[in-house]
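Shown next, in structure tokens, is the structure this report addresses.
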Amino acid sequence: MALTSSSSASVSTPDTEAEGATPGPPAGGGANRRRGTGFERAMRLVWVAAILALVGYPIAQVFGQSFIADDGGLTLENYGLLGSEPRLMEGVFNSLWIAVGTVFGSLLLGLPVAWLAVRTDMPFRRFFRGSAVLTFAAPSFIAALGWVLLLGPRNGMLNTALMSLFGLEEAPFDIFTPWGIIFVLSLFLYPLVFLPVSAALDGIDPALEQAAASLGASRARVLRTVTFPVILPSLIAGSILVFVSAAVIFGPVAILGAPTGFQTIPTVLLSLMQFPPRIEAAAVISVPILVIIAVLLILQRKLLGGKKFTVIGGKPGRQDVTHLGGARFLALGFCSLVVLLSLVLPFGVLLVTSFREALGRPLGWDNFTLTGNYEAVFSRPLIAAAMGNSFVLALGGTVLALAVALLASWLVHRTKARSNAAIIGAMAAPLAFPGAVLGIGLIIAYAGQPFGLGGTLTILLIAYAGSALPLTFAYVHAGMGQIGAEVEEASRSLGASWARTWRRITVPLLRPSLLAAGMLNFVLLFRELEMSVFLYTGANPTVATVLYNLASESLYQRVGALSVVILLINIVVTVIAMRLLDRKPGTSTRRSRRSPSVALNTPPEEAA
């Protein structure tokens with residue numbers, strides 16, 4: 001009866017009255033559903049148009065183009081290219097085994113570092129947790145450039161030092177191999193395992209492990225029968241994310257695989273888009289990526305869908321810390337080695353290179369220049385234009401994504417339509433579409449007529465905004481969920497308009513979430529390469545495409561100088577964003593520093 005009554009009342013509400021009065025949730029329980037007001041329907045249509053323009057239409061074009069024949073009719077013959085052109089299937093298989101190898105490498109690094117940093121008395125645990133986050137501030141293709149300078153077979157600094165030290169005639173390591181790609185990707189992607197696993201370890205109710213131990217279970221048995229099953233969902237989710245990321249990543253594979261002709265799906269896609277472009281072949285090879293991702297998501301659902309992993313029944317107690325004894329320093333050495341390989345060495349060598357006059361000469365004061373390479377970089381009009389384009393695109397893409405995410409969050413939290421569940425899925429959908437595939441889709445959708453956006457900043461802006469939707473929505477959605485609808489309703493009941501309520505109430509309360517999401521997106525978009533390299537036509541360069549071209553021309557001193565500038569920008573913005581993430585909506589900085597919320601990502605004993 002209550003459902004019928006609520007629905008009837010809503011349907012009979014005039015649109016004009018609804019727009020001016022109450023667009024908030026209807027009376028009744030959360031399970032009630034009704035037709036939205038005119039204002040809600042208008043906002044829903046705006047959101048649908050935005051999500052179709054940014055993601056839906058380009059991806060649909062990728063699928064559609066794979067069935068288009070040369071004469072414009074429908075055909076399945078395009079899929080025959082997978083069998084007739086060996087390099088297409090070779091790219092698929094190379095992507096798969098690079099992804100599998102990177103998953104194993106990331107597990108070998110991320111799992112032990114997470115356990116050591118969260119559950120042991122190893123020194124400097126907070127430092128190692130923070131260093132994993134900082135890895136995200138460092139673009140993977142820049143890390144690959146650093147390892148080229150270290151382990152290049154001819155002039156790699158580390159190879160040269162080892163050859164001199166041990167009297168070797170040949171370089172002991174060659175980074176230009178598939179194993180080199182797996183090595184670099186594992187160092188860059190291990191935080192995708194580390195972060196969810198460390199969060200799961202933080203959330204385990206210590207009573208579970210203490211109960212097992214009190215019944216006589218050994219430490220190893222507790223780990224195997226209690227701890228590991230609880231962190232299994234996070235482990236599987238992180239591994240799948242690593243697999244997908246490694247299979248579709250472009251920059252490191254293009255840099256490390258190019259000298260030997262090793263290609264994966266994204267690099268094959270780029271070669272297919274060179275003149276003359278083969279759109280149908282690019283569309284065909286994009287489909288296996290989407291199929292692989294869909295299979296993985298189904299597999300994850302099958303593995304975890306029927307199991308319960310509830311571990312927190314109340315306030316978690318103080319977790320036991322494993323005392324490592326003399327092994328503390330062995331653990332410290334292992335974690336330090338991970339930080340050394342993932343951050344210090346690759347980015348340190350780029351910093352050193354940015355002050356060298358020539359790569360072929362030994363290090364020394366006669367081969368030192370303080371500002372020469374930086375002046376050479378920023379005196380070029382192309383790089384100045386690229387910096388400006390990247391700044392505008394990162395800022396514009398962030399603002400556009402925030403606007404769409406705000407609208408989606410409002411629809412989900414403040415309306416009761418049956419389609420709200422689809423909004424959440426649609427906002428996360430770009431995660432399933434790699435940058436290379438989304439770039440191909442944008443070219444098919446918007447580069448030609450009637451839009452004619454090929455090579456323009458507008459098509460790059462669409463790409464950046466679409467790729468930023470999942471992360472932006474995650475933060476805005478969470479922030480909106482912390483704000484009760486009654487706060488807005490009180491403002492509306494006092495006569496404030498919907499716009500004034502948003503400006504004076506909702507947006508200020510959401511400010512920490514908006515700023516954090518905006519800054520993290522800015523960092524990711526400012527160094528974006530995957531889509532930029534596909535959409536770049538010679539005009540409107542970005543810093544990532546300029547850096548990629550400098551590396552292709554072996555101008556590594558300038559690469560080092562530009563990389564240092566990008567890293568500094570990324571690190572500063574990331575640190576600010578992470579501090580904002582520790583704040584709750586509506587709290588001041590001073591209060592948040594004293595608030596328990598600071599300890600959300602901190603072990604209890606450290607927070608105390």
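Only a predicted model underlies this, so the values are computations on that prediction, with no experimental measurement involved. Computed from heavy atoms alone, side chains included, the values below leave out hydrogens, waters and symmetry copies.
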Listed partners of F243 passing ring-ring contact (aromatic ring centres under 6.0 Å, His included), at least two apart: none
For R278, the side-chain hydrogen bond (donor to acceptor under 3.5 Å, both in side chains) test, sequence neighbours excluded, returns E85
With sequence neighbours left out, the residues meeting ring-ring contact (aromatic ring centres under 6.0 Å, His included) with F228 are none
Could you work out, with side chain to side chain contact (heavy atoms under 4.5 Å, CB included) as the rule, every residue matching S271, not counting sequence neighbours? R87, Q263, V268
Without swapping roles, check the side chain of D174 against the backbone of L151 for a donor-acceptor pair under 3.5 Å. no
Pairs flagged by side chain to side chain donor-acceptor pair (under 3.5 Å) wherever residues 440-469 is involved - sequence neighbours left out: Y464-S532
Let me have the donor-acceptor pairs involving side chains of residues 420-430, under 3.5 Å, with sequence neighbours excluded, atom names and distances please.
unit_1	atom_1	unit_2	atom_2	d
N420	OD1	R44	NH1	3.0
N420	ND2	L411	O	3.1
N420	ND2	T415	O	3.0
N420	ND2	T415	OG1	3.3

For the ring pair F250 and Y548, is the centre-to-centre distance below 6.0 Å? yes
Can you sort out the partners of S390 under side chain to side chain contact (heavy atoms under 4.5 Å, CB included), two or more places apart, ordered by chain and number? F526, T542, V543
Residues at least two apart in sequence or cross-chain that pass side-chain hydrogen bond (donor to acceptor under 3.5 Å, both in side chains) with T506, listed by chain then number, are E488
Quick check against the 3.5 Å criterion: does E530 have a side-chain atom that pairs as donor or acceptor with the backbone of V533? no
Quick check on Y79: does its OH atom have over 12 non-hydrogen neighbours (other residues, nucleotides or ligands) under 6.0 Å away? yes
Would you mind listing every ring pair (Phe, Tyr, Trp, His ring centres under 6.0 Å) that reaches into residues 87-110, with sequence neighbours excluded? W97-W179
If you round to the nearest 0.5 Å, how far is CG of L270 from CD1 of I440? 8.0 Å
Under the side chain to side chain contact (heavy atoms under 4.5 Å, CB included) test, residues paired with T260 that sit two or more places apart: F176, F262
Tell me every residue that passes side chain to side chain contact (heavy atoms under 4.5 Å, CB included) with F63, counting only those two or more places apart in sequence or in another chain. I59, V287, L290
